[in-house]
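First comes the structure, then the notes that go with it.
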There are 2 protein chains.
Amino acid sequence: MTDDGKSGLFPAGGHDHHACVEAALASAESLCRERGLRLTPLRRRVLELVWRSHCPVGAYAVLEDLRRDGRSAAPPTVYRALDFLVQERLVHRLPSLNAYIGCNEPGAPHCGQFLICRHCGRVAELHDHALDRRISASAADTRFRVEQALVEVRGLCPRCQAAEGDGE
Amino acid sequence: MTDDGKSGLFPAGGHDHHACVEAALASAESLCRERGLRLTPLRRRVLELVWRSHCPVGAYAVLEDLRRDGRSAAPPTVYRALDFLVQERLVHRLPSLNAYIGCNEPGAPHCGQFLICRHCGRVAELHDHALDRRISASAADTRFRVEQALVEVRGLCPRCQAAEGDGE
DNA sequence: GCCTGGTTGTTATATTGTAACATCCAACTT
DNA sequence: AAGTTGGATGTTACAATATAACAACCAGGC
């Protein structure tokens with residue numbers, strides 16, 4: 001984490017991703033303990049696999065990984081684990097990609113905000129509370145009761161804007 | 001259109017939906033003429049079918065409707081027409097529902113903002129420019145180049161909040 | 001007439017997600 | 001320890017969503 005904390009939101013940089021994965025797992029452990037939930041070996045492994053990827057991963061990619069582990073696995077195995085993790089806000093699902101990504105503020109009840117690079121496929125999660133409030137306010141105007149909000153922004157990350165100029 | 005224009009965003013009210021459909025088709029015709037695009041009978045019919053529904057419709061629902069017309073149709077027929085309409089911003093796709101809904105500001109390059117009622121399934125489209133700007137600003141902080149933004153808010157529309165109190 | 005590019009038809013298949021039921025296992029009860 | 005119970009996982013089968021690849025068609029220009 002030697003960058004400015006802004007463009008560095010994109011996990012393409014050289015920061016220690018392995019440490020992030022460990023932190024996410026530890027955080028998940030304690031969160032489940034607090035809530036009296038069972039972070040079983042399967043669920044823990046799925047969470048790890050999601051976090052290990054630098055990009056959002058599809059359910060069937062996780063399934064392949066589980067099978068590589070030597071574990072018996074079928075689609076429901078994966079979907080159930082992912083559903084649990086999403087439920088507990090340890091991972092997010094990105095509907096426009098049919099894929100999952102580790103949540104970097106696990107357990108907190110926040111609006112999911114994602115910048116999705118169409119070129120490299122990497123995703124940055126934002127936590128813009130002003131944006132949260134703007135959505136709440138807008139919904140309140142129509143007397144809609146918000147339960148969950150999701151912002152998906154597609155475009156080009158800083159790195160890929162540069163690459164495009166190079167005519168890649 | 002006799003309500004206050006706020007909760008009335010939800011198409012559940014008694015306003016003249018048929019007129020909305022006609023207006024959308026007319027607007028699409030002129031927009032395509034301007035752009036030199038062909039709003040073929042198939043595309044026009046698909047647009048009409050999407051608009052006729054009070055809720056977002058799936059591709060396979062449109063497919064059924066086309067077949068009821070007596071038309072020969074297979075999945076690619078529908079997906080191609082829908083892709084065209086999405087491309088030209090005449091309809092929106094809601095990834096979290098795998099469904100499509102008519103755009104009520106056709107052709108304008110705006111951020112898609114939707115309030116999705118989990119109870120009745122109806123969807124209201126917002127056009128909150130402050131929200132647009134907030135998203136742009138947030139993305140700009142990370143030097144991300146926004147090409148397209150989507151806000152999906154899940155919750156309960158005013159009508160269904162009331163209904164829930166009735167214990168249904 | 002005939003070429004051309006875009007549109008649609010058609011068949012087959014890929015990808016994503018669930019239903020339904022069997023089995024297992026940890027924790028609690030007796 | 002044996003039994004009971006509820007949640008978690010295994011397993012089979014299938015549903016729902018989406019696309020690839022190629023053939024046929026058709027409008028407009030030459």
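So you know, we letter chains A, B, ... as the sequences are listed, proteins then strands, and number each from 1.
Using a 4.0 Å heavy-atom cutoff across all strands shown, B:Thr40 reaches sugar-phosphate atoms only and no base atom.
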*Verdict with reasoning, A:Glu29 to A:Arg44, per side chain to side chain contact (heavy atoms under 4.5 Å, CB included)*: CA-CA 8 Å; A:Glu29 296 273 14; A:Arg44 190 178 197 284; 2.6 Å; yes
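The distance between atom CG of A:Leu82 and atom P of C:dT16, rounded to the nearest whole Å, is 13 Å. C:dT8 atom C1' lies 14 Å from atom CZ of B:Phe84, rounded to whole Å. Between A:Arg44 atom CZ and D:dT9 atom P there is a gap of 14 Å when expressed in whole angstrom units. Here C:dG6 presents its P atom at 11 Å from CZ of B:Arg43, a figure rounded to the nearest Å. For the pair A:Leu97 CG and D:dT17 P, the computed distance is 19 Å after rounding to whole Å. Rounded to an integer number of Å, the gap from CG of B:Leu63 to P of C:dT11 is 14 Å. For the pair A:Glu64 CD and C:dT16 P, the computed distance is 11 Å after rounding to whole Å. In this entry the distance linking CZ of B:Arg67 with P of C:dG9 reads 11 Å, nearest Å.
Of the candidate nucleotides C:dT16, D:dT17, C:dT8, D:dT17 has the atom nearest to the side chain of B:Asn98.
Ring-plane geometry between B:Tyr79 and B:Tyr60 is classed as perpendicular, the angle between the planes exceeding 60 degrees on a 0 to 90 degree scale with a lower cut at 30. Between A:His92 and A:Phe114, the two ring planes are perpendicular [angle over 60°; tilted spans 30° to 60°].
Nearest-nucleotide positions on DNA chain C for B:Arg71 and A:Arg93 put B:Arg71 closer to the 5' end.
A close approach under 4.0 Å does not occur between any side-chain nitrogen or oxygen of B:Thr77 and OP1 or OP2 of C:dT8.
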*Contact state string [nucleotides 19-30 of chain D, B base, S sugar-phosphate only, - no protein heavy atom under 4.0 Å]*: BBB---------
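When side chains are defined from C-beta on, B:Val62 does not count as touching B:Tyr100, because their heavy atoms never get closer than 4.5 Å.
Comment: A:Asp83 does not engage A:Arg80 in a salt bridge, judged by the lack of any side-chain N to carboxylate O separation of less than 4.0 angstrom.
In the model, B:His127 has no side-chain atom that pairs as donor or acceptor with a side-chain atom of B:Asp132 under 3.5 Å.
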